[in-house]
Amino acid sequence: MRIGYPCINRSIACQGDRTFRLKSYSSERLIETVQNNLNCLEEIIRFNAKNQLLFFRITSDLVPFASHPVCNFPWQEFFQDRFRQIGKLIKRNSIRISMHPDQFTLINSVDLQIFEKGVKELTYHAEVLDLLGLPPSAKIQIHGGGVYGDKNGSLKRFVDRYGRLPLKVRRRLVLENDDRSYNLIDCLRINAETGVPILFDVFHHHVNSSGERLGEAFERFSRTWKEEDGIPMVDYSSQRKGEKKGTHAEAIDLRNFKVFLLETKPHDFDVMLEIKDKEKSALKAVRAASKDSRFQKIVR
DNA sequence: AGGTGTCAAGCGTCC
DNA sequence: GGACGCTTGACACCT
């Protein structure tokens, strides 16, 4: 078990998810921004390694506009040495990496152009992980996409489009249950047709449940991860009290987290804490899990 | 320098 | 049929 947090670290001065407006796009601006973002990524990785935070989600803003037609700069070649260096640092410290393209990226849209834009965006994510030299256990997570008033048809369209994705995307793609459209059962149906591993979001399963208890859910999605995919990834967050359903909590509730650790035994997995105060809560979770045998397997 | 409106992208929901 | 939420924050332009 590794414990981690997504995209940004507020404890260090370096801010590595910098971007800019489309209107101010230029190659110079891109180079400057990516240089900064890579430098900060390296600092975050060092911070994480030092603090036993061995799971990290790299921001999709690492290379702004990478999949946009405006970007004709060969950032892949230009930054390849830098990527390779940082990748070595990641591997040396046994850190697991994921990425999560945002809600605009979906492969089952009825509009083919949206699918094609999605493929470009997914390809960009795959290229980042490839340039870092990471194995296929470094994953890219997306949701099922739209329903368009016909879930069966839309689910089938996902399956069909999945088969048309470039191999470099497919070997890393995993499907996450979301908080309104595609619950765990829907995702498992897609898995049965495609073999895509299911990344389990504990909070989404609570908000948009298909009824399984936690133990049963873990039984089922864990089996969708093959040897080369690594151990399953899990997203964990909790409800912010007094806010509307689905709002992420400000800080981790350690009592709930410990119950979660107990309830999920004996399954091993890597857990991403989607909590607003990011690395602060992740550090608390590391302490809470420090006596758990699953956690000790990685951290020696 | 400080204030503030607005930001690449798609979907679903609410009015 | 248009505005808004989706993890909001920070960019960019204005004064």
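In this entry the distance linking CG of A:Leu122 with P of B:dA9 reads 18 Å, nearest Å. Remark: C1' of C:dT7 and OH of A:Tyr5 are 16 Å apart, rounded to the nearest angstrom. The separation between A:Glu121 atom CD and B:dA8 atom C1' is 9 Å, rounded to whole Å. Nucleotide C:dT7 holds its P atom 11 Å from the CG atom of A:Asp178, rounded to whole Å. Atom pair A:Leu273:CG and C:dT7:P shows a separation of 16 Å (rounding to whole Å applied). In this structure, A:Gln113 places its CD atom 14 Å from P of B:dA9, rounding to the nearest Å. One can place CD of A:Glu274 at 14 Å from P of C:dC6, the figure rounded to the nearest angstrom. Look at NZ on A:Lys120: it is 14 Å from C1' on B:dA8, rounded to the nearest Å.
Within the cation-pi definition used here (under 6.0 Å to the ring centroid, within 45° of the axis), A:Lys151 qualifies as a partner of A:Tyr182.
Non-hydrogen atoms lying under 4.0 Å from DNA chain B are contributed by nothing in residues 162-177 of chain A.
The same atom, C1', is picked in C:dG5 and in B:dC7; the two are 15 Å apart, to the nearest Å. Between C:dG1 and B:dA8, the distance separating the two P atoms is 26 Å to the nearest Å. With both ends at atom P, the span from C:dA12 to B:dA9 equals 16 Å, rounded to whole Å. When the C1' atom is used for both B:dC11 and C:dA10, the distance is 25 Å, rounded to whole Å. Between the C1' atoms of B:dG3 and C:dT7, the separation comes to 25 Å (whole Å).
A salt bridge links A:Lys139 and A:Asp229; the closest N-O separation between the charged side-chain nitrogens and carboxylate oxygens is under 4.0 Å.
Applying the salt bridge (Lys or Arg N to Asp or Glu O under 4.0 Å) rule to A:Lys23 yields no partners; only residues at least two apart in sequence or on another chain are considered. Listed by chain and number, the residues in a side chain to side chain contact (heavy atoms under 4.5 Å, CB included) with A:Arg161 are A:Ile107, A:Leu112, A:Phe115, A:Arg157, A:Arg164 (sequence neighbours excluded). A:Cys14 meets the disulfide bond (SG atoms under 2.5 Å apart) test with A:Cys40; sequence neighbours excluded. Residues that satisfy the side chain to side chain contact (heavy atoms under 4.5 Å, CB included) test with A:Asp130, not counting sequence neighbours, are A:Lys168, A:Arg171, A:Arg172. Applying the ring pair (Phe, Tyr, Trp, His ring centres under 6.0 Å) criterion to A:Trp75, with sequence neighbours excluded, gives A:Tyr124. For A:Phe158, there are no ring pair (Phe, Tyr, Trp, His ring centres under 6.0 Å) partners, not counting sequence neighbours. Take A:Phe56 and apply the ring pair (Phe, Tyr, Trp, His ring centres under 6.0 Å) test, not counting sequence neighbours, and it matches A:Tyr5.
In secondary-structure terms, DNA chain C builds stems of at least 3 consecutive Watson-Crick or G-U pairs, each pair having both distances under 3.5 Å, at B:1-7 with C:9-15, B:10-15 with C:1-6.
Using the six-membered ring where Trp is involved, A:Phe260 and A:Tyr236 have ring planes that are tilted, between 30° and 60° apart.
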Show the distances under 3.5 angstrom between N or O atoms of the protein and N or O atoms of nucleotides 10-13 of chain B.
residue	atom	partner	partner atom	Å
B:dC11	OP1	A:Ser109	OG	2.8
B:dC11	OP1	A:Tyr148	OH	2.6
B:dG12	OP1	A:Val147	N	2.4
B:dG12	OP1	A:Tyr148	N	3.0

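Checking A:Asp235 against A:Gln141 by side-chain atom types alone, a donor-acceptor pair falls below 3.5 Å.
Sequence neighbours left out, not one pair with a member in residues 112-123 of chain A passes salt bridge (Lys or Arg N to Asp or Glu O under 4.0 Å).
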Counting primed atoms plus P, OP1 and OP2 as sugar-phosphate and everything else as base, spell out the protein contacts along nucleotides 9-15 of chain C at 4.0 Å heavy-atom distance: B, S or - for each nucleotide, 5' to 3'. -BBS---
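More than 12 heavy atoms of other shown residues, nucleotides or ligands fall within 6.0 angstrom of atom CD in A:Glu228.
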What do the steps show when you test A:Asp292 against A:Arg294 for salt bridge (charged side-chain N to carboxylate O under 4.0 Å, His left out), and what is the final call? CA-CA 5 Å; A:Asp292 194 298; A:Arg294 292 168 292 182; 2.9 Å; yes
